[in-house]
Number of protein chains: 2
Amino acid sequence: MPPDEQSGSAAQVLELVANGTAASRADLVRESGLAASTVSARVQELVDAGLLTESGEGVSRGGRRPRLLRVADHGAVALAADLGSRHIRTGAVGLTGTARDVEECAFDLTAGPGPALDVLAERLTALADRQRAAGRTVRGVGIGFPGPVDTADGRIIAPSRMPGWHLFALRDRLADRLGLPVLLDNDANVLALGEHRAAHPALRHLVVVKAGRGIGAGIISDGRLYRGARGSAGDISHVRVDEAARLPCSCGNIGCLETVASSAAIAAALRAQGFRADSTTDVLRLVGNGEPHATTLVRQAGRDIGAVLAVVVNFFNPEAVILGGALSGAEPLVAAVRGMLYERCLPMATGELVIRAAVRGPDAGLLGAGHAALRELPTAHGK
Amino acid sequence: MPPDEQSGSAAQVLELVANGTAASRADLVRESGLAASTVSARVQELVDAGLLTESGEGVSRGGRRPRLLRVADHGAVALAADLGSRHIRTGAVGLTGTARDVEECAFDLTAGPGPALDVLAERLTALADRQRAAGRTVRGVGIGFPGPVDTADGRIIAPSRMPGWHLFALRDRLADRLGLPVLLDNDANVLALGEHRAAHPALRHLVVVKAGRGIGAGIISDGRLYRGARGSAGDISHVRVDEAARLPCSCGNIGCLETVASSAAIAAALRAQGFRADSTTDVLRLVGNGEPHATTLVRQAGRDIGAVLAVVVNFFNPEAVILGGALSGAEPLVAAVRGMLYERCLPMATGELVIRAAVRGPDAGLLGAGHAALRELPTAHGK
DNA sequence: GAACTTTTTTCGGTGACCGAAGGAAGTCGG
DNA sequence: CCGACTTCCTTCGGTCACCGAAAAAAGTTC
């Protein structure tokens with residue numbers, strides 16, 4: 001599926017060095033399970049390809065000193081964009097796994113694909129120019145989109161709350177404008193990739209929730225992103241959680257998780273109570289200020305999300321549930337999800353389950369998008 | 001993970017012939033994606049090993065006639081046992097994928113592991129003797145158990161409703177008694193293996209529900225059985241579906257799927273209404289007779305199961321949901337699940353979703369257990 | 001400074017697969 | 001009935017990814 005992908009174990013070697021699991025060939029032998037000769041050969045390839053560099057020697061452990069390896073960060077970066085329904089966040093991601101030159105601007109995606117394409121192209125062009133001016137090579141672009149994506153075609157599919165986007169060929173349109181290869185995926189998927197690679201590389205089964213104005217999930221199964229039969233796996237935003245609710249959802253049903261537990265829903269409820277609350281930021285501010293109504297609403301949202309995740313945890317039995325997206329910045333939400341999972345799941349499923357907020361915070365999605373782009377986009381000289 | 005497993009593509013070749021997808025080497029080339037030379041080599045191996053036989057020639061399609069291949073059914077079988085909380089079903093499964101000498105007897109698993117081991121050993125010994133008398137070689141035993149199983153250790157783990165079984169080493173105890181290698185897995189898992197291999201080999205992502213006195217699910221992800229982090233994936237029996245329920249469940253919670261939608265729950269409700277209903281068979285009989293109360297209860301159970309599966313379908317996005325277990329014999333249940341899924345899931349998830357009852361009926365679990373045993377158990381002469 | 005350790009490379013496999021070429025056995029159209 | 005085309009299958013010489021044994025390289029310890 002990935003157009004490029006080096007010999008398999010080479011990617012693994014690079015990954016282990018990139019996320020800090022291994023710093024020398026000997027480490028790689030221990031961590032990867034490969035034969036020493038294989039590791040040596042792969043490292044040599046990667047050094048020759050300019051992806052790894054040797055950087056001095058480490059401390060001896062009673063024998064020869066290890067020759068330390070580092071990911072070569074001099075050269076290539078991928079541009080990354082994390083699209084939200086109300087904002088666009090951009091940055092440059094290098095092989096070392098850090099985001100540089102991060103910017104966020106307000107933008108309403110519901111305005112339709114035309115304006116969005118303009119803004120994206122403009123900001124990414126500027127970003128590319130700055131990166132090139134700094135001497136870095138821009139290898140491609142990774143985009144996380146807050147709605148269903150056909151990753152094969154690079155098109156948006158029937159996103160709720162965003163009329164006009166259906167079947168928009170964002171990937172190719174953007175690639176034309178930028179003259180760069182573009183990778184397009186769902187925002188929760190790139191978030192999951194980012195969290196997995198940067199924070200939990202050792203875990204094999206992982207559910208990463210993105211809770212913001214919408215609610216989605218990315219699934220890592222057996223160490224790889226799981227997309228499902230039609231690519232819509234992880235779409236929990238329209239699971240019914242409130243039988244009594246009368247609020248209609250954009251999907252045509254009622255009581256969807258998204259209409260009761262997203263930050264859009266919380267903000268609306270707060271406005272109905274007389275608060276000034278438009279954005280997720282406003283909600284977080286009110287919670288941070290200790291506003292009881294806001295805290296109650298966020299906690300209830302956490303319980304609703306937790307109720308859905310309880311089914312998911314029993315069914316999928318992951319090693320970790322990671323909460324990302326802007327709402328995960330609210331402690332009460334994380335606490336409520338935890339409580340719900342421990343209450344409702346089988347002890348066998350929660351026994352060693354890790355439940356925590358995304359460690360990379362607001363950049364996690366960006367890192368995932370950049371990472372994916374660096375890994376999967378074709379390049380001229382075999383990466 | 002499987003102790004034996006032939007060269008990978010050999011297993012694939014055998015599988016394609018066994019399930020009827022391919023009948024000649026040329027078919028195998030088309031279906032498997034392997035090179036013709038590779039197919040030829042693997043077929044030769046399998047013929048030499050006595051697993052495949054050539055059986056005459058097929059009809060020409062304008063060129064040389066294909067040399068037809070068949071799975072050699074002369075020799076080896078695995079014994080299989082499908083344990084229910086109230087019955088034990090046994091049979092012999094050959095490489096051709098048919099169950100022979102199937103028997104079912106009533107037995108109460110809650111009586112504890114001792115008596116169960118005796119009955120199992122006795123019936124399987126008799127079955128083995130009959131198979132050997134018929135000139136077949138018994139290669140091993142596959143067991144499906146209606147509760148959580150540690151497949152690495154071959155032990156039962158904390159099954160609800162079955163005190164005394166916790167940590168019982170069923171696999172090794174049975175292997176000692178029979179003098180045969182034993183494979184032990186959860187009943188829903190072996191059901192999923194059986195349905196996938198026998199009925200839907202082309203599908204890659206599959207959820208197979210076993211609805212009987214308990215409710216479990218087996219997951220096929222990427223063509224392979226998915227067990228999750230701790231091996232408890234698919235355990236949806238204790239998902240809360242009825243907030244208002246006061247019925248306590250063996251797990252300590254209330255409103256679990258199992259306490260409201262299992263045949264045990266339906267039978268109890270029918271008894272409360274004055275009907276004679278002890279077993280799943282009684283429930284099916286009443287539904288078959290058109291008894292309105294029974295049909296209503298079964299339909300409601302289907303809706304409850306459907307509500308849980310709706311979350312699962314949105315999250316996992318499978319190609320098919322297969323309903324197995326005794327309750328799947330009730331048409332209203334299948335209809336109710338269908339209705340619930342189409343109502344509650346996103347169109348993208350249900351667009352091409354197959355929802356149907358297990359085609360192998362009551363033998364599906366048996367076939368899966370036998371199949372798994374034949375595939376994964378070690379044998380003397382390299383299978 | 002001899003005897004271990006640890007790290008890394010060299011070298012000769014091995015196993016699974018592929019692709020080109022060609023043989024074997026057909027059909028079909030004149 | 002004979003050549004031209006198809007389809008099926010095998011033979012043969014690769015390639016690729018990896019492994020394992022051995023040894024070289026570089027250190028530590030007593």
Side-chain angles (χ1 to χ4, degrees), chain A residues 1-17 20-49 51-70 223 382-383, chain B residues 1-17 21-49 51-70 223 381-383:
Chain A
M1 181 64 74
D4 186 358
E5 197 164 35
Q6 46 226 129
S7 72
S9 63
Q12 188 191 355
V13 163
L14 188 55
E15 200 55 53
L16 287 169
V17 176
T21 309
S24 68
R25 291 169 181 77
D27 283 352
L28 285 165
V29 171
R30 283 185 287 267
E31 295 293 332
S32 69
L34 297 169
S37 47
T38 309
V39 166
S40 228
R42 294 296 161 271
V43 167
Q44 197 50 55
E45 277 174 27
L46 291 168
V47 169
D48 289 347
L51 293 170
L52 281 182
T53 44
E54 288 191 42
S55 58
E57 303 192 324
V59 290
S60 165
R61 301 194 312 167
R64 175 173 175 174
R65 284 191 288 260
R67 292 158 65 187
L68 298 183
L69 299 170
R70 270 203 340 231
K383 193 169 283 179
Chain B
M1 181 66 74
D4 186 354
E5 198 163 34
Q6 46 225 128
S7 71
S9 64
Q12 187 190 357
V13 163
L14 189 55
E15 200 55 53
L16 287 169
V17 177
T21 309
S24 67
R25 291 168 180 79
D27 282 352
L28 285 166
V29 171
R30 283 185 288 266
E31 294 294 332
S32 70
L34 297 169
S37 48
T38 309
V39 166
S40 231
R42 294 295 159 272
V43 167
Q44 196 52 53
E45 276 174 29
L46 291 167
V47 169
D48 289 348
L51 293 171
L52 281 182
T53 45
E54 289 192 40
S55 58
E57 303 193 321
V59 290
S60 165
R61 300 194 312 167
R64 176 175 174 173
R65 283 191 288 261
R67 291 159 66 187
L68 298 183
L69 298 169
R70 271 204 337 234
H381 53 290
K383 196 170 277 179

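Keep in mind that this is a model prediction, so the values were computed, not measured. Per chain, numbering begins at 1; letters A, B, ... match sequence-line order.
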Novice: Taking all non-hydrogen atoms of both residues into account, name the closest pair between B/Gln12 and B/Leu34 and its distance.
Specialist: OE1-CD1, 4.1 Å

Novice: Roughly how many Å is it from CD in B/Glu57 to C1' in D/dT7, rounded to a whole number?
Specialist: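 That distance rounds to 12 Å.
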
Novice: For residues A/Ser24 and A/Leu69, report the shortest heavy-atom separation together with the two atoms involved.
Specialist: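 Nearest heavy atoms, A/Ser24 then A/Leu69: C-CD1, 3.9 Å.
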
Novice: Does D/dA17 have its OP1 or OP2 closer than 4.0 Å to a side-chain nitrogen or oxygen of A/Thr38?
Specialist: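 Result: no.
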
Novice: What closest approach, in Å, do B/Ala22 and B/Asp27 show between heavy atoms, and which atom pair accounts for it?
Specialist: CB-CB, 3.5 Å

Novice: If you compare all heavy atoms of B/Arg42 against all heavy atoms of B/Ser9, which two are closest, and at what distance to 0.1 Å?
Specialist: NE-OG, 3.0 Å

Novice: Is any side-chain nitrogen or oxygen of B/Ser9 closer than 4.0 Å to OP1 or OP2 of C/dC17?
Specialist: yes

Novice: Between B/Val39 and B/Arg25, what is the shortest heavy-atom contact and its length?
Specialist: CG1-O, 3.8 Å

Novice: Could I get the full list of salt bridge (Lys or Arg N to Asp or Glu O under 4.0 Å) partners for B/Arg65, not counting sequence neighbours?
Specialist: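 In terms of salt bridge (Lys or Arg N to Asp or Glu O under 4.0 Å), with neighbours along the sequence ignored, B/Arg65 is linked to B/Glu57.
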
Novice: For the OG1 atom of B/Thr53 and the CG atom of B/Leu46, what is their distance to the nearest 0.5 Å?
Specialist: 11.0 Å

Novice: At what distance, to the nearest 0.5 angstrom, does CD of A/Gln44 lie from CG of A/Leu52?
Specialist: 10.0 Å

Novice: Going by heavy atoms closer than 4.0 Å, what residues in residues 61-69 of chain B are next to DNA chain D?
Specialist: B/Arg61, B/Gly62, B/Gly63, B/Arg64, B/Arg65, B/Pro66, B/Arg67

Novice: Listed by chain and number, what are the side-chain contact (heavy atoms from CB on, under 4.5 Å) partners of A/Ala41, not counting sequence neighbours?
Specialist: none

Novice: Output all residues satisfying side-chain contact (heavy atoms from CB on, under 4.5 Å) with A/Arg64, sequence neighbours left out; order by chain, then residue number.
Specialist: A/Arg67

Novice: Tell me what B/Ser60 touches on the nucleic acid: a base, only sugar-phosphate, or nothing, going by heavy atoms under 4.0 Å.
Specialist: sugar-phosphate

Novice: Which of residues 24-34 of chain B sit near DNA chain D, with a heavy atom under 4.0 Å from it?
Specialist: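 Here the set is B/Ser24, B/Arg25, B/Ala26, B/Arg30.
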
Novice: Tell me the bend of the helix from C/dG1-D/dC30 to C/dG30-D/dC1 as the angle between end helix axes, each from five pairs, rounded to the nearest 10 degrees.
Specialist: 0°

Novice: Could you tell me the separation between the CD atom of B/Gln44 and the C1' atom of C/dG15, rounded to a whole number of Å?
Specialist: 18 Å

Novice: Can you tell me how far the CG atom of B/Leu28 sits from the CD atom of B/Glu15, to the nearest 0.5 Å?
Specialist: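 One finds 11.5 Å between CG of B/Leu28 and CD of B/Glu15.
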
